[in-house]
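The structure presented is a predicted model; accordingly, all values stated were derived computationally and were not measured. Chain letters run A, B, ... following the sequence lines, proteins first and then strands; every chain starts at 1.
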Protein chains: 2
Amino acid sequence: MDVEIAGIAKKPERKQQQRSIITQQKLLDAAIQAFSENGFKGTSTRDIADRAGVHHPLITYHFKNKEQLWRAATDRIFREFNIALVKAMAEIPDEEPKARAEIFVRTYLQYSRNQPALHRIILHEANYPSERLDWLVENHLKPLFDEVHKSLVGMQQIGVVPAGSAALLFNMIRVCAGGLVALKLELKQTSGIDLDSDEQIAELADLIIRVFFPGEQPKPA
Amino acid sequence: MDVEIAGIAKKPERKQQQRSIITQQKLLDAAIQAFSENGFKGTSTRDIADRAGVHHPLITYHFKNKEQLWRAATDRIFREFNIALVKAMAEIPDEEPKARAEIFVRTYLQYSRNQPALHRIILHEANYPSERLDWLVENHLKPLFDEVHKSLVGMQQIGVVPAGSAALLFNMIRVCAGGLVALKLELKQTSGIDLDSDEQIAELADLIIRVFFPGEQPKPA
DNA sequence: AATACAATTTTCCAGATTGGACTAGATCGT
DNA sequence: ACGATCTAGTCCAATCTGGAAAATTGTATT
């Protein structure tokens, strides 16, 4: 009855988890919240367990250790975002790059609003070198950058995006969306901006598009 | 022999500090570094003392506690930045708002490059509500915002800055400068951008100005 | 230049919190 | 009802914070 895959004898694998899925989910949610507030070093496993409402040794059981939990939590955020992005982008044909850019900005902003951890966790890890940062770059950041960078260069050639380093422009756009959302608590107090409101998010999206994509989409010949 | 000021009997006050100034300076430098890396919660006073190369109870002696040390360190960053900003702005007359905006962007970028803590500490504190955030907003962020916001509105009226919420625009500009610098470790790995180099900083400044201040300064009548 | 005393530093401690290990028992899929 | 999976509860060594107490240093007065 043993399952054999790739020629290696696997363990019986007869049972599955049931309630544990809920526990893992609760732990992941709590971990995302905690890590995005206080960073990896600033977060204790007990804090995460408390937020999740479970006993803290369960972290060891389900995720081996704090490092692996961080990785699982981060993975979930980026995976979800990617799914949302791919789904949104699928609706716009390649022939309309400006419309695609708009949908990208709006999707990123929308997702960030609901999950500010997307940008906050990057910010935490960018504060000093670590293996976590390397992992983040290789597995999630670089792939996204490469793709968007390419399309940005294309849009510069047709005059939709201002000239200049496309790498810098990509990151400027990124922080104008995610970076502002990460600061939303401060923005509310300092500038009276409420990025939890749909209207202001839409206004920010419009502004980003107006500023960074000022050119008109050329008509096909 | 006691000194009397304001009618209240003061303590003798006969002695001054000498070497302690060095200790305080070392502690402040170390604190800025540590807090900007790991945030308030994520930083231990022992870590700060170790970085400073002094014994940790000296923090209690000189700054009372971790909270006060954070406040002193933050104060120093913003004070220094303000001095640099005022000095730079003093060279440009009020009649040339676009030139003033340029100098503002370049100064902010320059200072952030040498002291990324300026933006990083704000980001840490904006992750969840705290008295530290309130203090930061009231003492340093709000005053700066109010002033720049006003001049931004003026520049919109003469067509130098795109229309739209000036509050949003201010913060977009701010994160394009400080926010990118805060991410510089990641940017190097993901995008091949080195914000430690003078050239790339200048390139970023140019780009920010081109994107956010596209209009020409109108000639005086 | 000797002394006294405040300013500063060092040494040490108590109580709390950290990440992680371990075992016994409850629970769930089969 | 069996046995693997999951949870509760306990424990530990390391590290944390905030202080107290002792030792040292520098300065001002005599």
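Computed from coordinates, the Asn65(B) CG to dG19(D) P distance equals 7 Å when rounded to whole Å. Per the geometry, NZ belonging to Lys41(A) stands 11 Å off C1' belonging to dT15(D), to the nearest Å. The CH2-C1' distance, from Trp70(A) to dG19(C), rounds to 18 Å in whole Å. Ile21(A) has its CD1 atom 15 Å from the C1' atom of dT27(C), to the nearest Å. Ile59(B) has its CD1 atom 12 Å from the P atom of dT9(C), to the nearest Å. Whole-Å rounding puts the Leu58(B) CG to dA20(D) P distance at 16 Å. To the nearest angstrom, P of dT7(D) lies 9 Å from NZ of Lys26(A). Following rounding to the nearest Å, Gln68(A) (CD) and dG19(C) (P) show an atom-to-atom distance of 15 Å.
A distance below 6.0 Å separates the ring centres of Phe212(A) and Phe212(B).
Nucleic acid contact class of His56(B) (heavy atoms, under 4.0 Å, all strands): base.
Close to dT5(D), at under 4.0 Å from its OP1 or OP2, lies no side-chain N or O of Ser20(A). Note on His55(B): a side-chain N or O is less than 4.0 Å away from OP1 or OP2 of dT11(C). Distances shorter than 4.0 Å separate none of the side-chain N or O atoms of Thr60(B) from OP1 or OP2 on dG18(D). A close approach under 4.0 Å does occur between a side-chain nitrogen or oxygen of His62(B) and OP1 or OP2 of dT9(C). OP1 and OP2 of dT15(D) both lie 4.0 Å or more from every side-chain N or O belonging to Ser44(B).
Aromatic ring orientation, Trp70(B) versus Phe35(B): perpendicular (interplanar angle above 60°, classes split at 30° and 60°).
The two residues Lys184(B) and Asp196(B) have their closest heavy-atom pair at NZ-OD1, 3.0 Å.
The nearest heavy atom of DNA chain D to Arg46(A) and to Tyr61(A) marks one nucleotide each, and the one closer to the 5' end goes with Tyr61(A).
Considering only heavy atoms from C-beta on, Phe63(A) stays 4.5 Å or farther from Leu58(A) through its side chain.
Note on Arg174(A) versus Glu186(B): salt bridge recorded, some NZ/NE/NH1/NH2 to OD/OE distance being below 4.0 Å.
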